[in-house]
Amino acid sequence: HTSTGRTRSDLHRLRMLYLSVLVAFAACNAPPVPLDDILIEKTFVPEQCVRAVKVGDYVRYHYNGMFPDGKKFDSSYDRGSTYNVFVGKKQLIQGMDKALVGMCINERRLVKIPPHLAYGKQGYGDIIPPDSILHFDVLLLDVWNPEDGVQINTYHTPSTCSRKVEVSDYVRYHYNGTLLDGTLFDSSHTRMRTYDTYVGIGWLIAGMDQGLLGMCVGERRIITMPPSLGYGENGDGSDIPGQASLVFDVILLDLHNPRDGITVTNQKVPESCTRKSIAGDFVRYHYNGSLLDGTFFDSSYSRNRTYDTYVGRGYVIAGMDEGLIGVCVGERRTITIPPHLAYGEEGTGTKIPGSAVLVFDVHIIDFHNPSDNTQITVTYKPETCDKQAKKGDFVKYHYNASLMDGTDIDSTHNYGKTYDIVLGANQVVPGMEDGLMNMCVGEKRHVVIPPHLGYGERGVTDEVPGSAVLVFDIELIDMEEGLPEGYMFIWNDDVSPDLFSEMDKNDDKQVEPSEFTDYILRQVNDGKGRLAPGFDPYRIIDNMFSNQDRNGDGKITEAEFKLKADEAAAHDEL
């Protein structure tokens, strides 16, 4: 122990601590160790590096230049523009030429450059003293090479692609345009309208002209182009700087060529097609309308009624006018129509954009021509046919009624009784009158009735659509021969010479309605006369009485009484 009470080991520890302090102090005040080469510290590295800088590349970058003590001597940020230069071509100080190689877009590096790789013993004017070590905080924004062309990365391909973009095609597409560092400079999405243009004829920057070729509708691509194929040395004067690489994220929505006509695909033609539509026919059809990218814009199904129109007469757009010619009833087809045969450059202003290709999935329900007559096909005829139905006959028949597409309308079989009419009395539509004429009892017919001989443009509410062609399968069950035209009552025997006296039961020289009715009914019951079948007998007799009652006093005198044969004008009389 010493006089202070410490041990020798305690003194040894104090000496060692003192020595370490001296070493640290000396290190802090010693001159810096000279740099042999650049030092690089990567302060930010992006997750993906599609491309790294190589010797000969052209780069755009931002930087802050500082001395080791932190004092700034230069900055691209302060000038408001990137530094743009070729790498490895002695356009930069040696240290920066080396430091930029291998950098990725958006990578950030802190670079320390010794004097012999910077401005050496000469320095740089009043800005950089001789033998200065320089520090640069560098952010790489763009890189390209004079040998670069357009780079295409297709990241979505549609399942079907019937056609690809060619030179002189007209396209509609959406895009996002960015610089290589991701800075957005333009977007069609923000304007909520596509970019519409011709391809390959100089309407676009060269890189986009090339990048759109070969695309399918619905395809998505990233198109990257060097400035030589974009906006070059000067940029666009606002959002795109000079010498900037451009990146476009594109989706193609529409494609056509001014030489295109309509295209008909997906045809499903029924096995039986006795007739195809021609110009001047009136067609009823259902459709779904969409744009070429599948965007829906209209449907007749949503309105629950067909679209009805003449074809070949300019009542519909030219492409549809053409696409509906040559169709069969029941046919389904897809009609693709270029804009110059549809709604042109203007579109409709709401659902259909300008210069849009339209796609219609069409189902033909029926069609007819205003000159059509009733079509009658005999499907069964009995061996013996002594009498044929004619005007005035009272006929009883069964029918099944449907539309041309097979939709059932009505059937007498549902009611368990026949439909009974007098032919020629306007009790059915004219087409059915035609279909029943000259039928035999037991005969069956297939009758097709155009709307102008059926229920016309209005149809029957909730039963028969307007302008619908009707189909009837009919069978004549029974028939009662009618009276000659113009007669509602005829005599089977010779007319009594005392006809007026026989009617005048009370011999008061006048016939009252009751006497007249009793007499006619008695003649019918006795088989001496016959009333027109199919009509109310009392209404017929009332009409006959009114015709005989010339002065309308409710009684017939002998002077008023005349037979039909004695009348100058034909009307229903005795």
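For the side chain to side chain contact (heavy atoms under 4.5 Å, CB included) with Asp169, the lone residue among Asp260, Ile201, Asn257 that qualifies is Asn257.
For the pair Leu204 and Leu212, the minimum side-chain heavy-atom distance is below 4.5 Å. Within the 4.5 Å cutoff, the side chain of Tyr173 has heavy atoms near those of the Thr197 side chain.
In this structure, Arg221 does not pair ionically with Asp249, as no charged nitrogen and carboxylate oxygen lie closer than 4.0 Å. Of the charged side-chain nitrogens involved, none lies within less than 4.0 Å of a carboxylate oxygen, so that Lys72 and Asp137 do not count as a salt-bridged pair. Asp57 has no carboxylate O lying under 4.0 Å from a charged side-chain N of Lys89, or vice versa, which leaves the two without a salt bridge. Asp281 has no carboxylate O lying under 4.0 Å from a charged side-chain N of Arg313, or vice versa, which leaves the two without a salt bridge. A salt bridge does not link Asp97 to Lys90: none of the charged side-chain nitrogens sits closer than 4.0 Å to a carboxylate oxygen.
Residue pairs satisfying the salt bridge (Lys or Arg N to Asp or Glu O under 4.0 Å) criterion with at least one member in residues 282-297, sequence neighbours excluded, are listed as follows: Arg284-Asp308, Arg284-Asp366.
With sequence neighbours excluded, the residues forming a salt bridge (charged side-chain N to carboxylate O under 4.0 Å, His left out) with Asp37 are Lys98, listed by chain and number. Partners of Arg193 by salt bridge (charged side-chain N to carboxylate O under 4.0 Å, His left out), not counting sequence neighbours: none found. For Asp186, the salt bridge (charged side-chain N to carboxylate O under 4.0 Å, His left out) partners two or more places apart in sequence, or in a different chain, are Arg191. Under the rule for a salt bridge (charged side-chain N to carboxylate O under 4.0 Å, His left out), Arg259 has no partner lying at least two apart in sequence or in another chain.
Two rings, from Phe136 and Phe73, have their centers less than 6.0 Å apart.
Residues Pro270 and Val329 approach most closely at CG-O, 3.2 Å, considering heavy atoms. Of all heavy-atom pairs spanning Lys276 and Phe367, the tightest one is C-CZ, 3.7 Å.
Atom CD1 of Ile251 sits about 3.5 Å away from atom CZ of Arg220, to the nearest 0.5 Å. Atom OG1 of Thr224 is separated from atom CD of Gln151 by 5.5 Å, given to the nearest 0.5 angstrom.
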Show every donor-acceptor pair shorter than 3.5 Å between a side-chain atom in residues 345-356 and any protein atom, with sequence neighbours excluded, or say none if there are none.
| from | atom 1 | to | atom 2 | distance (Å) |
| --- | --- | --- | --- | --- |
| Thr348 | OG1 | Ile352 | N | 3.1 |

**Request:** For salt bridge (Lys or Arg N to Asp or Glu O under 4.0 Å), just list the numbers for Asp298 and Arg303, CA-CA rounded to whole Å, side-chain angles, deciding distance to a tenth of an Å, and then say yes or no.
**Result:** CA-CA 10 Å; Asp298 194 17; Arg303 294 187 293 274; 2.8 Å; yes
